[in-house]
Protein chains: 2
Amino acid sequence: MTKDKLYTISELAAMFDISSRSIRYYEEIGMLISENREIMTKQRSYTNRERRRLKMILRGKKLGFSLQQIKEMIDLYETNPEGDEEKRRIIEFADEKINEINEQILQLQMLKEDIISYKEKYQNHNKNSSTSVKGG
Amino acid sequence: MTKDKLYTISELAAMFDISSRSIRYYEEIGMLISENREIMTKQRSYTNRERRRLKMILRGKKLGFSLQQIKEMIDLYETNPEGDEEKRRIIEFADEKINEINEQILQLQMLKEDIISYKEKYQNHNKNSSTSVKGG
DNA sequence: CTTCTAGTTGACGTTAACGTTATCTTAATT
DNA sequence: AATTAAGATAACGTTAACGTCAACTAGAAG
């Protein structure tokens, strides 16, 4: 399969516009894995799977989650649960996250409304109190 | 008017379940102001206006914004613009923020979809691979 | 062989956002 | 007068998420 493409650390770094240091750090704290390092050079190589993980990490960051929170979420995707107990816990965790996200979306929408209504009031206010009243 | 209610630092802290230290810190970096401190004791007292600001700060934090970003947004609310140039800049800034927020909402919705579809696939998968195959 | 490039492993430095501790003051209680 | 409570300032400590620098290595290029 053509899925076997491997990336060097700087390829990934360039791809996502981050530093190699960041990628090493993510690996350091167990968020990425570089298996099959070249034995002689010890150079890391990443699979498409890791590339996807990195993408998720960065998305999480953009959304304001800490790396620890992101780690938990990603681990969620990759846990292969054993007992019913664990299954339940995972579903529960997913539901929690969904609720958190819904809450965040709500708050963002409120913030947005605030900014919009501020903008409108502000624009109207300026039309009335401006010295150069041009357009009605 | 009854709007003159003043809050002590620990009142606000209790109200929002944060530490007094945090409030002092927000003031330290210019996100809050405590005017009219009691001359003898130097104790801070906050107006309703500051209470609202604090609320906004905490909302921003929950949304993953840095204090600096929040400061910019709050300043937006309280700028009294002078020239047309400044007006334009403010409107522009507001629009930028709105776009950022829209983007964040989109990403959050995608993340949510991901989690939901994961949950569903996962639940189905378990129905099939479980020892107790009930529904086919 | 030397130089350059891309990577490695430490290890110390940095910033944000507070926590914590020490020392001091004022007002209220006892 | 002594204690307690609430607050103040000053300053050092802490954690996350890297940045930066030093010293080393393997392979490619001249």
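All of these numbers come straight from a predicted model, not from anything done at the bench. Proteins come first, then strands; the chains are lettered A, B, ... in the order of their sequence lines, and each starts at number 1.
- Residue B:Ile23 contributes atom CD1, which lies 13 Å from atom C1' of C:dC18 at whole-angstrom precision.
- Regarding A:Tyr25, its OH atom lies at a distance of 18 Å from the P atom of C:dT14, rounded to whole Å.
- To the nearest angstrom, C1' of C:dA17 lies 19 Å from NZ of B:Lys62.
- Taking side-chain N and O atoms only, A:Arg37 has no distance below 4.0 Å to OP1 or OP2 of D:dA26.
- If you find the closest nucleotide of DNA chain D to A:Ser20 and to B:Arg24, the one lying nearer the 5' end belongs to B:Arg24.
- At whole-Å resolution of the value, CG in A:Leu32 and P in D:dA17 are 14 Å apart.
- Rounded to whole angstrom, the span from the NZ atom of A:Lys42 across to the P atom of D:dG27 amounts to 13 Å.
- Under the 4.0 Å criterion applied to side-chain N and carboxylate O atoms, A:Lys119 and B:Glu96 are not assigned as salt-bridge partners.
- Ionic pairing of B:Glu27 and B:Arg24 is not present here: no N-O contact between side-chain nitrogen and carboxylate oxygen is shorter than 4.0 angstrom.
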- Message: Please evaluate residues B:Arg21 and B:Glu28 with respect to the criterion salt bridge (charged side-chain N to carboxylate O under 4.0 Å, His left out), reporting the C-alpha separation (whole Å), side-chain torsions for both, the decisive distance (0.1 Å), and the verdict.
- Response: CA-CA 10 Å; B:Arg21 172 66 170 111; B:Glu28 195 180 320; 3.7 Å; yes

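- Computed from coordinates, the A:Glu28 CD to D:dC18 P distance equals 11 Å when rounded to whole Å.
- Between C:dC18 and B:Lys61, a contact under 4.0 Å exists linking OP1 or OP2 to a side-chain N or O.
- Between A:Arg88 and A:Glu92 there is a salt bridge, with a side-chain nitrogen of the basic residue lying less than 4.0 Å from a carboxylate oxygen of the acidic one.
- Of the candidates C:dT26, D:dT9, C:dA17, C:dT26 carries the atom nearest the B:Met40 side chain, counting heavy atoms from C-beta on.
- Put simply, CD1 on B:Ile9 is 18 Å from P on C:dT26, counting in whole angstrom units.
- The nearest whole Å value for the distance from the CD atom in A:Glu11 to the P atom in C:dA6 is 12 Å.
- A sub-4.0 Å separation between OP1 or OP2 of C:dG7 and a side-chain N or O of A:Thr8 is present.
- Not one side-chain nitrogen or oxygen of A:Thr41 sits closer than 4.0 Å to the OP1 or OP2 atom of C:dA6.
- Phosphate proximity of C:dA17 to B:Arg21: absent, as no side-chain N or O sits under 4.0 Å from OP1 or OP2.
- Between A:Arg44 and C:dG7 there is no side-chain polar atom (N or O) within less than 4.0 angstrom of OP1 or OP2.
- Taking 4.0 angstrom as the limit, A:Tyr26 places none of its side-chain polar atoms (N or O) nearer than this to OP1 or OP2 of D:dA17.
- Within the structure, a side-chain polar atom (N or O) of B:Ser22 is placed less than 4.0 Å from OP1 or OP2 of C:dG19.
- Looking at heavy-atom distances under 4.0 Å, B:Ile29 makes no contact with the nucleic acid at all.
- Using a 4.0 Å cut-off between charged nitrogen and carboxylate oxygen, A:Arg59 and B:Asp114 count as a salt-bridge pair.
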